[in-house]
Amino acid sequence: MAVTDLFSKRRKRGDNQTPSTYCYDELSTQLRQQIWYIVQDTFVESLGEMCVVVNDILCREYGQSSLLSTVGTYRYSNTIQSFILYYYNVDEVLDAIELLFNDHIFNTIEGYEKDAQNLKKAIEELNYRFKEHNVGYQFQANQIIRVDSMYMQLEVVEPVLKLINNVLFSGACDEYLKAHKHYKAGNNKECLNECLKAFESTMKIICKEKGWNYDQEKDTASKLIAICFGNGLFPEYMTQQFTSLRSMLESGIPPIRNRNGGHGQGDIIKTVSDSLARYTINLTGCTIIFLIEQSGL
């Protein structure tokens with residue numbers, strides 16, 4: 001069902017009552033109910049089957065016999081509904097939401113074809129509701145990812161996922177999504193590692209598709225950058241900018257990762273700040289967009 005821009009919403013926007021920062025650890029009662037409305041509207045024919053699959057996955061991953069101890073003879077759809085509406089652990093509620101909107105899971109449900117056309121619009125409304133309630137998450141490429149800046153989300157994260165979310169760049173896509181997952185979980189060193197992997201994977205894929213000689217196992221980021229420059233990945237009119245561009249690429253993602261997350265830390269425990277992890281994710285995204293667009297793949 002389409003979103004309705006009510007008078008009360010417009011009034012809040014006009015009175016600047018919308019919070020200026022995102023919330024990550026709370027899902028309001030209104031948002032939870034709106035998400036369940038989306039689920040009901042989406043899975044008209046397959047709600048029961050989808051809820052069985054989601055329930056089974058969550059129980060297995062949590063090591064539990066049931067999601068809610070108070071649920072007795074309820075149907076699985078009642079279980080998932082109660083879980084989304086009332087369960088206290090926000091991260092686990094997001095687990096359930098992420099599974100419900102995952103098209104890989106959805107496509108395994110018998111008779112899913114009847115509801116398949118609803119899923120794209122459902123994801124659009126889900127992301128709209130997150131924004132409307134100022135919750136700092138978006139559903140992209142079958143995962144819920146954390147959003148810190150809507151500008152960076154629109155200009156970097158979404159474009160890079162669209163570029164690499166295909167068979168050709170599936171490895172790089174997986175690594176970039178893992179970086180977001182680690183960042184969301186506060187595992188910032190691991191976030192940096194996955195950023196570098198995504199950066200290197202993108203260049204390796206370009207080299208392979210272009211037929212340029214490179215070593216899949218041994219070539220590091222600096223070597224791959226040199227190969228891309230040597231094979232004319234960038235247009236001739238950028239010749240004068242080659243030195244500064246190459247320096248930017250070589251001094252960006254790899255050193256951040258190597259100095260903060262890629263080597264043994266010795267007797268001093270290294271901590272990677274959220275701001276550095278966030279900067280690296282955004283820098284990686286911008287760089288991947290640039291490389292893929294220059295390659296024409």
Notebook entry, point to check: CG of Asn89: more than 12 outside heavy atoms within 6.0 angstrom?
Noted result: yes
Note to self: Checking Arg60 against Asp56 for the salt bridge (Lys or Arg N to Asp or Glu O under 4.0 Å) test, could you report, in this order, the C-alpha distance in whole Å, the side-chain angles of both residues, the deciding distance, and whether it holds?
What the structure shows: CA-CA 6 Å; Arg60 179 180 291 271; Asp56 290 349; over 6 Å; no
Item checked: Heavy-atom closest pair, residues Trp212 and Cys228 -> CZ3-CA, 4.1 Å
Item checked: Stepwise side-chain contact (heavy atoms from CB on, under 4.5 Å) test for Leu27 and Val90 -> CA-CA 7 Å; Leu27 301 176; Val90 170; 3.8 Å; yes
Next item on the list: Test Phe199 against Leu291 for side-chain contact (heavy atoms from CB on, under 4.5 Å), laying out the working first.
Entry: CA-CA 9 Å; Phe199 176 49; Leu291 290 170; 3.8 Å; yes
Note to self: Using a 3.5 Å distance criterion without hydrogens, assess whether the side chain of Lys197 forms a donor-acceptor pair with backbone atoms of Ala179.
What the structure shows: no
Notebook entry, point to check: So, the side chain of Ser201 versus the backbone of Ala198: is there a donor-acceptor pair under 3.5 Å, distance only?
Noted result: no
Next item on the list: Identify the two heavy atoms, one from Ile144 and one from Leu94, that lie closest to each other, and give their separation to 0.1 Å.
Entry: CD1-O, 3.4 Å
Margin query: Side chains of Phe106 and Thr42, heavy atoms from C-beta outward: is any pair under 4.5 Å?
Written below: no
Check: Say you draw a straight line from CD1 of Ile288 to OG1 of Thr202; how long is it, rounded to the nearest 0.5 Å?
Finding: 4.0 Å
Notebook entry, point to check: Rounded to the nearest 0.5 Å, how far apart are SG of Cys207 and NZ of Lys223?
Noted result: 10.0 Å
Check: Under 3.5 Å, side chain of Asp174 to main-chain N/O of Ser170, donor-acceptor pair present?
Finding: no
Item checked: His180 and Gln140: side chain donor to acceptor below 3.5 Å -> no
Notebook entry, point to check: To the nearest 0.5 Å, what is the distance between CG (Asp219) and CD1 (Ile225)?
Noted result: 11.5 Å
Item checked: Leu276 side chain near Asn188 side chain, heavy-atom distance below 4.5 Å -> no
Note to self: Tell me whether Glu200 contacts the main-chain N or O of Ala221 through its side chain, where contact means a donor paired with an acceptor under 3.5 Å.
What the structure shows: yes
Margin query: Are the side chains of Tyr88 and Val93 in contact, using a 4.5 Å heavy-atom criterion?
Written below: no
Notebook entry, point to check: What's the shortest heavy-atom distance between Cys195 and Thr284, and which atoms?
Noted result: CB-OG1, 3.4 Å
Margin query: Counting C-beta onward and ignoring hydrogens, is there a side-chain heavy-atom pair between Lys181 and Glu194 closer than 4.5 Å?
Written below: no
Note to self: Check whether Ser46 reaches the backbone of Glu49 with its side chain - one donor and one acceptor, N or O, closer than 3.5 Å.
What the structure shows: no
Checklist line | Tyr62, OH atom: more than 12 neighbouring heavy atoms under 6.0 Å | finding: yes
Notebook entry, point to check: Judged by atom type as modelled, is there a donor-acceptor pair below 3.5 Å linking the side chain of Thr108 to the main-chain atoms of Ile105?
Noted result: yes
Check: Do the side chain of Asn55 and the main chain of Ile80 share a donor and acceptor less than 3.5 angstrom apart?
Finding: no
Notebook entry, point to check: How long is the span from the CZ atom in Phe83 to the OG atom in Ser66, to the nearest 0.5 Å?
Noted result: 11.0 Å
Checklist line | Which atom of Asn213 lies closest to which atom of Ile227, heavy atoms considered | finding: O-CD1, 3.5 Å
Checklist line | Within-4.5 Å side-chain heavy-atom neighbours: Tyr214 and Lys208 | finding: yes
Check: Are any of the side-chain heavy atoms of Gln138 and Lys131 separated by less than 4.5 Å?
Finding: yes
Note to self: Are Leu126 and Tyr37 linked, directly or through intermediate hydrophobic residues, by side-chain heavy-atom contacts shorter than 4.5 Å (ILVMFWY only)?
What the structure shows: no
Check: Can you tell me if NZ on Lys210 sees more than 12 non-hydrogen neighbours from other groups inside 6.0 Å?
Finding: yes
Next item on the list: Please lay out, stage by stage, how Glu125 and Arg129 fare under the test salt bridge (Lys or Arg N to Asp or Glu O under 4.0 Å).
Entry: CA-CA 6 Å; Glu125 183 177 350; Arg129 295 301 182 187; 3.3 Å; yes
Margin query: Show the nearest heavy-atom pair for residues Trp36 and Ser77, with the distance to one decimal.
Written below: CH2-O, 3.6 Å
Checklist line | Name of the residue among Thr280, Asn282, Ile281 meeting side chain to side chain contact (heavy atoms under 4.5 Å, CB included) with Arg278 | finding: Asn282
Next item on the list: Grab the two heavy atoms, one from Met50 and one from Leu100, that are nearest each other, plus how far apart they are.
Entry: CE-O, 3.3 Å
Note to self: Tell me if a side-chain donor or acceptor on Tyr86 pairs with a main-chain N or O of Gln81 at a distance below 3.5 Å.
What the structure shows: no
Item checked: Path from Leu85 to Ile35 over hydrophobic side-chain contacts below 4.5 Å -> yes
Next item on the list: Would you please test Phe130 and Phe139 for ring pair (Phe, Tyr, Trp, His ring centres under 6.0 Å) and show each step?
Entry: CA-CA 9 Å; Phe130 280 141; Phe139 187 89; 8.8 Å; no
Next item on the list: Drop me the distance from Thr79's OG1 to Leu58's CG, to the nearest 0.5 angstrom.
Entry: 11.0 Å
Note to self: Evaluate Asp41 against Asn118 for side-chain contact (heavy atoms from CB on, under 4.5 Å), listing each step before the verdict.
What the structure shows: CA-CA 8 Å; Asp41 290 343; Asn118 300 330; over 6 Å; no
Item checked: Distance (rounded to the nearest 0.5 Å) between Thr29 OG1 and Gln34 CD -> 11.0 Å
Next item on the list: Please confirm whether the backbone N or O of Tyr87 pairs with a side-chain atom of Arg32, one donor and one acceptor, at under 3.5 Å?
Entry: yes
Check: Quick one: does Tyr137's side chain have a donor or acceptor within less than 3.5 Å of a partner on Tyr24's backbone?
Finding: yes
